[in-house]
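Presented below is the structure to which this report refers.
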Amino acid sequence: MREREPMRLLVVEDDDSIGDPLTAGLGREGFSVVRARTAREALAADPVDLVLLDLGLPDVDGREVCRRLRELGDTPIIVVTARSDEIDRVLLLEIGADDYVVKPFGFRELVARIRAVARRTSRREAESSTSFAVGPLQVDQRRHEVRLGGQLIDLTPKEFDVLALLAAEPGSVFSRQEILERLWDAHWYGPTKTLDVHVASLRKKLSDPRWIRTVRGVGFALEDPTAEPGAGPA
Ligand code: CA
């Protein structure tokens, strides 16, 4: 096995009773940890591989910090919230968080989440150099663009992710569970209604619902409705 560089973490936490043991524990797990106690320090820190961001910071609201970090780059962010905070998951997604944990959290759970987010991100990067064409539909991962018959289609980031995943293997059925696991952390939403909302919106934007076939009880597959009939199995 290849020796790998330690993953660099930025722990943004003003409360030393949490931040100190966390920093030490993550260090023992093999992470290289940088600590910030304020938003100002967090935003000035050197680039890392993942940010662990406490929402309750003394100088700037953590949500604002999350938004600004996201503007600076694609570094994955796991938000740490107090149980008393109103956790609006949709809002956390919108401001660019990749996942969240609620205080008090188990150290093991946190490490598992860090590794899961890191895995998802590196897979996203590996896939991001690719583009696919399915009939008149073109999915350009690098530019994050979708064109249909040459026309640019305006998609939300999640709609793009869903479409790009399905388009990577046209005709293959992706189960709901698989889509949720690959594009969301399952605990974001629990029920899979959110996925249906994205699929419905995608169908509308692609102006033909047949682009995304529902396989009842299983999931979804991308299919080219303009393809010659009879090309597939009868
Ligand atoms: Ca705090």
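The basis for the numbers below is simple: all heavy atoms, side chains too, and nothing from hydrogens, waters or symmetry mates. When a ligand or atom number is given, it counts from 1 through the structure's own listing order.
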| Near the Ca ion (ligand 1), is there an N/O/S atom from Pro58 that is less than 3.0 Å away? | no
| request: Supply the atom-to-atom distance Thr38 OG1 to Asp54 CG, rounded to the nearest 0.5 angstrom. | output: 11.5 Å
| message | Below 3.0 Å, can you find an N, O or S atom of Asp14 next to the Ca ion (ligand 1)? | response | yes
| said: With side-chain contact (heavy atoms from CB on, under 4.5 Å) as the criterion, how do Phe105 and Arg113 come out once you've worked through the C-alpha distance, each side chain's angles and the decisive distance to 0.1 Å? | reply: CA-CA 11 Å; Phe105 50 81; Arg113 291 209 178 286; over 6 Å; no
| Looking at Arg67 and Asp61, does any basic side-chain N land under 4.0 Å from a carboxylate oxygen? | no
| task | Check all N, O or S atoms of Asp54 and name the one closest to the Ca ion (ligand 1). | result | OD2
| request: Salt-bridge test for Arg40 and Asp59: reply yes if a basic N is under 4.0 Å from a carboxylate O, no otherwise. | output: no
